[in-house]
Amino acid sequence: MLELAKAYEPGKVEDRIYSRWLKNDAFHADPDSTKPAYSIVIPPPNVTGVLTMGHVLNNTIQDILARRARMTGHEVLWLPGTDHAGLATQTAVEKALRKPDQLPPTVKEMLDSFKLPADTKLTRQNIGRENMIKLIWAWTKDRGGIIIEQLKKLGCSCDWKRERFTLDENYLKEVQQVFVELYNKGYMYRGLRMCNWCPASLTAISDEEVEMKPQKSKLYTMRYEIAEEPGRFVEIATTRPETLMADTAVAVHPEDKRYMDLIGKHAIRPFPKTNIPIIPDDYIDIEFGTGVLKVTPAHDKNDFEIGQRHNLPIINIMTADGHIDCPDVPELHGMERFQARDKAAELLDSMGQLVKIDAYDNNVGFSERGKVPIEPRLSEQWFLKYPKIKESLEAVCSNETEKKVIRFFPTHWEKTYAHWLENIQDWCISRQVWWGHRIPVWYRKNTQEEITETVASIERPQGEGWEQDPDSMDTWASSWLWAYATMDERTRKKFYPTSVLVTGPDIIFLWVARMIIAGLELEPGTSRQLKDHIPFKDVYFTGLIRDGKGRKMSKSLGNSPDPLMLIKKYGADGLRFGLMRIAPKGQDIRFDEKQIEEGRNFANKLWNACRFRTMQGEIDPTANPFNENHQLSPFAHHLLASLEDLLTTVEEAFNKYEFNTASSAIYSFVWDTFCSRFLEVAKADFNNKDSLTRSGTLATIDYTINHVLRLLHPFMPFITEEIWTELGFCGTSNTSILFTEYPQPQKKLNANQKLAHRTQQLYETLDRGRALRAEFQIPTNQKVVMKLKLAQNAEIDDHDIDILSGLLHTSELKIVKTALSKTPSVITPIGDLYLPLEGVIDVDQERARLEKELAKAQADLERENKKLQNEAMLKKAPAEKVNTWRDIADKAKDKITKLKKSLDNL
RNA sequence: GCGUGCUUAGCUCAGUGGUAGAGCAUCUGGUUUACACCCAGAGGGUCGUAGGUUCAAACCCUACAGCACGCACCA
């Protein structure tokens, strides 16, 4: 047997252990296995991303589930991979191209091979579609996979041989096939619609990718003259004067008495000067502003709808990149949109048509990627009319157990999910982005460039003149198939639907809801029951990790700690365990490095406890304190009874995904019950090896370590594997702890509860005695004589007295028959414990101490008496409770009597 | 405006009806057969406010306040 190294050094064993697991193919998921399947889904991280605390949280939880599932006899599939993250990656490369000198060598090489003229500005337009895609591939290959290596450092037990990328050939085909299928079913359509346009990225984005931000804006009030009544003006409030060139009407509420007579007349738009009709529309809020709205159908979603209702012309005065395109107003033409805003106000002012400018708080939609305000823009895009909305709703929110086939943890996310589905809008799925899955639609045009034929197909259709749609799909239109498009038929048969999805609630719409819809609509095999169509059975929503000030962690704030640095400093196990202890089910987490330090400290504690054991001789990996001819001490019974409780707690916590409950329970068992209590007591016997063996103490320790290591393995995979192997629990076959059985609660309690209780009383006595010493500031290293007057029914033997004596650091613990006076004492479960002090005791100090104890006892008595004197309470409360109260009251009474006597004797 | 979550010790948070808890921080003592990433002890809380239900409320209900987030937004 090997002894453990003197100190636990996080970061030293991880790589070695992980490569051993990989070498043994330990995470392989066998589709032909006869074991029950357990499969898990996690959002594939961006291929060029790096590990964030969010990933650490998700993946730790996922890994805990995976490892425990293996240990409970499941065949586990955790299929890893990365997402191409279309727009995000393309934008990143475009940005990198601005500093060509700093490009990774492989990318630079690729770029050079294009032989662009030396003075070419490196925009994607200048580079061209085909070459740009080549460049991004090169970038992806250079930068990609970093996060995969980082996940390994964290200990993730993924089946790496199955690693997928959302642009893999097979995956790409699945995505396009799904598009074709939905097109043929009539769900996918192309239309000229108002969409969210990002003027920075030059693409449309979906509603879900627009982030509303409060802004300090200005509200401009301007006045337009009435064409039919020269000299009469209407006042109009707007936040966007720069779009007035595109106004094609002025609208008022049909029942607004102030303006009713104007309906049908015309207002004079100041520039370019023209008459625009005054129209009635219910949409207008009489209360807001002046009650008059300028209608700009080309540049506002609501105005567009008003325009549709009234057949208004649509005038577009803005370029794709957010500049004014209106040659008729040369002062503004070509100007950037926000500069044009000020300029337009100036123009109005110079014409005497600007009434006032008010400060105004409103919300403006920003593009998540481009970080600029989105521009409502009319454009031709592909849309998905979502199928299976009702079914998706029922699958999660139905009151009928049969229909509710997906469980959310915590359940309150069901409401958010339902709200989205109930108000769902068609999904703008096309992106004017090159990096991604190209829309599998082909057009044939006539000589006037009009589309005459449209075909959806992965392959180019037969015949001449077919052109593919230039757009690609939203990234989420590929990742929404992740759960099943990553599997082949054989794998799917075994592992689909998956068991659990772990993710943050921030992508509940972008990903979770859409996966459910896709699963219900697309999964082949219509003969199966509904539950077989869902992509996953349980969804566990993690909380968000925030910084110490409660802010979201983000790159721009720079408030996100580097997980790799944390791993280096505290070990992957410390990071994982520390995080799990503070991650209650689905609540946001305020991150504090101290908590990771605690995780590391715990690993150290575990290590040292095991090291301590190795110093006492050979370990028996199969030790069973119950089975052999041991005369188990009450202390052992106490420990084993606690262990049994722990198993139950952990089992129940796992069933509810309460990782903090499970980890905290193990923590306090190991630290307090096992180390501080049991091992300290056991030390008393360690000088007598024979008695140790006979009493089963060593067997109890080995049995406990054996259980604790396995209990902890999902949380702390590395250190548990290391100790497991080093201490020989792996046996001669050298079995990894990965493949051992997870400790389950025992059906029948083996430990003697009565003896366990007796030990509990001894422990409490010990605590009281230590407190007494501390109260009189007797240094730990100073031996004193203490005396004990046993209570009548105290169960205690000489061995117990020896133990107590040792742990109380007494030179002698003397049993006395009569109560002592003028001697500091405490009342303990087994009797009165005295600390006879040499010389004179400080009467005032002792009085103060006794009075404090008296007050506490009196408070206890009062509280319980209040209950016991309440007749209604006695009548209605269960007898068991009443007995407890009585018991507390009796003890308090007894204590009060004794304390009063001591006080009198002072 | 609608919805969700939170409000418990100085800090970070557990605690789903019956004696208010942990870690950190603070203070005191400590070279004990592993561990100073440690050991032993102490102080510190009218559980956001106000009502209600109940024999009994930190916990269930209602209202309110504050904070956070999500959705929808009025030009």
Side-chain angles (χ1 to χ4, degrees), chain A residues 4 6-8 10 207 212 219-220 236-240 251 283-285 287-296 300 302-303 360 362-363 410 412-413 415-416 419-420 423 505-506 508-509 543-544 546 548 550-552 570 574 581-582 584 586-592 594-595 597-616 660-661 664 667-668 675-676 679-680 682-684 686-687 766-767 770-775 777-782 806-807 809 859-860 863-864 866-867 870-878 880-882 884-885 888 892:
Chain A
L4 288 178
K6 173 98 175 86
Y8 164 66
D207 295 343
M212 300 304 281
L219 187 63
Y220 302 84
I236 305 173
T238 181
T239 50
R240 304 201 62 190
Y283 170 77
I284 313 304
D285 181 353
E287 306 291 319
F288 189 86
T290 60
V292 186
L293 172 73
K294 75 186 202 52
V295 185
T296 323
D300 184 280
N302 291 314
D303 290 12
Y360 184 59
N362 65 345
N363 287 311
H412 68 78
W413 290 110
K415 284 198 176 175
T416 308
H419 185 258
W420 183 74
N423 297 282
D506 47 333
I508 184 169
F509 311 136
L544 291 177
R546 301 172 174 283
R551 298 173 304 179
K552 242 178 169 170
Y570 302 109
R581 274 191 74 211
I582 54 157
Q587 294 290 350
D588 287 0
I589 297 158
R590 249 177 224 232
F591 179 78
D592 185 347
K594 282 269 175 220
Q595 290 151 335
E597 197 180 324
E598 262 177 55
R600 191 258 332 246
N601 293 353
F602 178 63
N604 183 59
K605 189 73 182 176
L606 178 69
W607 181 272
N608 277 296
C610 293
R611 193 166 84 90
F612 179 57
R613 171 60 187 87
T614 64
M615 296 163 96
Q616 314 308 326
N660 66 323
T661 307
S664 301
Y667 179 97
S668 88
C675 293
S676 297
L679 287 185
E680 289 306 318
K683 277 177 185 174
F686 275 150
N687 44 17
L766 173 63
D767 290 344
R770 281 169 166 170
L772 182 63
R773 283 183 59 120
E775 197 80 41
Q777 300 190 334
I778 302 191
T780 320
N781 56 356
Q782 188 184 326
L807 292 174
H809 296 111
D860 282 350
R863 189 188 57 236
E864 300 309 319
K866 219 168 143 189
K867 291 188 218 164
N870 184 334
E871 272 185 45
M873 212 162 198
L874 288 184
K875 230 192 274 173
K876 298 211 175 179
E880 190 193 336
K881 287 285 169 201
V882 177
T884 317
W885 303 334
I888 297 168

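Note: hydrogens, waters and symmetry copies are ignored here, and every other heavy atom, side chains too, is used. Numbered from 1 within each chain, the chains take letters A, B, ... in sequence-line order.
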Interatomic spacing from CZ in F602(A) to CZ in R581(A) - rounded to 0.5 Å: 8.5 Å
Sugar-phosphate only, base, or nothing, as touched by S676(A) at under 4.0 Å among non-hydrogen atoms: sugar-phosphate
Over 12 foreign heavy atoms within 6.0 Å of CD, E880(A): no
Steps toward side-chain contact (heavy atoms from CB on, under 4.5 Å) verdict (N362(A), L219(A)): CA-CA 10 Å; N362(A) 65 345; L219(A) 187 63; over 6 Å; no
Sugar-phosphate, base or nothing in reach of R863(A), heavy atoms under 4.0 Å: base
Trace of the side-chain contact (heavy atoms from CB on, under 4.5 Å) decision for F612(A) with K683(A): CA-CA 10 Å; F612(A) 179 57; K683(A) 277 177 185 174; 3.6 Å; yes
Whole-angstrom distance between G15(B) and G48(B), as gauged at atom P: 14 Å
Closest listed nucleotide, where the reference is the side chain of K876(A) and the choices are U19(B), C55(B), A14(B): C55(B)
Per-nucleotide pairing state of RNA chain B [Watson-Crick or G-U, under 3.5 Å; [ ] pseudoknot-crossing; | other strand]: ((((((((.[[[[.)..(..]]]].(((((.......))))).....[[[[[..)....]]]]])))))))....
Base of A34(B) paired with side chain of K683(A) (donor-acceptor, under 3.5 Å): yes
Phosphate-side-chain proximity, T296(A) and A75(B), N/O vs OP1/OP2 below 4.0 Å: no
R773(A) side chain to H809(A) backbone, donor-acceptor under 3.5 Å: yes
U31(B) OP1/OP2 closer than 4.0 Å to side-chain N/O of N781(A): yes
Step-by-step side-chain contact (heavy atoms from CB on, under 4.5 Å) determination, D860(A) to R863(A): CA-CA 5 Å; D860(A) 282 350; R863(A) 189 188 57 236; 3.2 Å; yes
Gap in Å between the two C1' atoms, one belonging to A25(B) and one to A42(B), rounded: 14 Å
Interatomic distance, L807(A) CG vs G41(B) C1' [rounded to whole Å]: 15 Å
U12(B) and C6(B), which share atom name C1', separated by this distance in whole Å: 14 Å
Value in whole Å for how far the C1' atom of C13(B) lies from CZ of F591(A): 15 Å
Side-chain-base donor-acceptor pair under 3.5 Å for E680(A) and A34(B): yes
Distance test, side-chain N/O of Y283(A) to OP1/OP2 of C74(B), below 4.0 Å: yes
Residue R590(A), side-chain heavy atoms: nucleotide from G5(B), U32(B), U12(B) that is nearest: U12(B)
Touch class at under 4.0 angstrom, heavy-atom based, for K875(A) against every strand present: nothing
Touch class at under 4.0 angstrom, heavy-atom based, for I284(A) against every strand present: base
Nucleotide C38(B), atom C1' - distance to CG of N601(A) in whole Å: 9 Å
Distance, rounded to the nearest Å, where F509(A) contributes CZ and C69(B) contributes P: 16 Å
Gap in Å between the two P atoms, one belonging to C13(B) and one to G17(B), rounded: 24 Å
Whole-Å gap separating P (A20(B)) and CG (D860(A)): 9 Å
K294(A) vs A75(B): side-chain N/O to OP1/OP2 distance below 4.0 Å: no
Mutual orientation of the aromatic rings belonging to Y360(A) and F288(A) [parallel < 30°, tilted 30-60°, perpendicular > 60°]: perpendicular
Separation between the P atoms of A14(B) and G30(B), rounded to whole Å: 37 Å
Pairwise 5' ranking along RNA chain B for A684(A) and D592(A), keeping only the more 5' one: D592(A)
C1' spacing across the pair U8(B) / U16(B), given as an integer number of angstrom: 15 Å
Residue R546(A), side-chain heavy atoms: nucleotide from C69(B), G41(B), C55(B) that is nearest: C69(B)
Side-chain N or O of N423(A) closer than 4.0 Å to phosphate OP1/OP2 of C71(B): no
Given RNA chain B, 5'-ward residue of the pair E775(A) and I778(A), judged by closest heavy atom: I778(A)
Nucleotide nearest T416(A) when distance is taken to its side chain, options G5(B), U28(B), G70(B): G70(B)
Length of the line joining M873(A):CE and U53(B):C1', which is rounded to integer Å: 15 Å
T614(A) OG1 to N608(A) CG distance, which is reported to the nearest 0.5 Å: 10.0 Å
Atom pair CG (L807(A)) and CZ (R770(A)), whose distance is rounded to the nearest 0.5 Å: 5.5 Å
Length of the line joining D506(A):CG and C69(B):C1', which is rounded to integer Å: 11 Å
Euclidean distance for P, U54(B) against C67(B) (whole angstrom): 35 Å
Sugar-phosphate only, base, or nothing, as touched by W420(A) at under 4.0 Å among non-hydrogen atoms: nothing
Options A75(B), C55(B), U12(B), nucleotide nearest the side-chain atoms of N362(A): A75(B)
Heavy-atom donor-acceptor pair, K605(A) side-chain to C35(B) base, under 3.5 Å: yes
Spacing between Q782(A) atom CD and G29(B) atom P, to the nearest angstrom: 13 Å
Minimum-distance nucleotide (side-chain atoms of Q777(A) versus U28(B), A22(B), U12(B)): U28(B)
Shortest side-chain distance from A872(A), nucleotide among C69(B), C55(B), U32(B): C55(B)
F686(A) side-chain proximity, nearest of U19(B), G41(B), U33(B): U33(B)
Given G70(B), C55(B), U19(B), the nucleotide with the shortest approach to the side chain of N870(A): C55(B)
Sugar-phosphate, base or nothing in reach of D767(A), heavy atoms under 4.0 Å: sugar-phosphate
Spacing of F509(A) atom CZ and H419(A) atom NE2 [to the nearest 0.5 Å]: 8.5 Å
Touch class at under 4.0 angstrom, heavy-atom based, for P878(A) against every strand present: base
Y220(A) vs A75(B): side-chain N/O to OP1/OP2 distance below 4.0 Å: no
Per K594(A) side chain, nearest of listed nucleotides C24(B), A75(B), A34(B): C24(B)
Spacing of the P atoms in G3(B) and C61(B) (rounded, Å): 16 Å
Rounded distance [0.5 Å steps], CG in L874(A) versus CD in E871(A): 7.5 Å
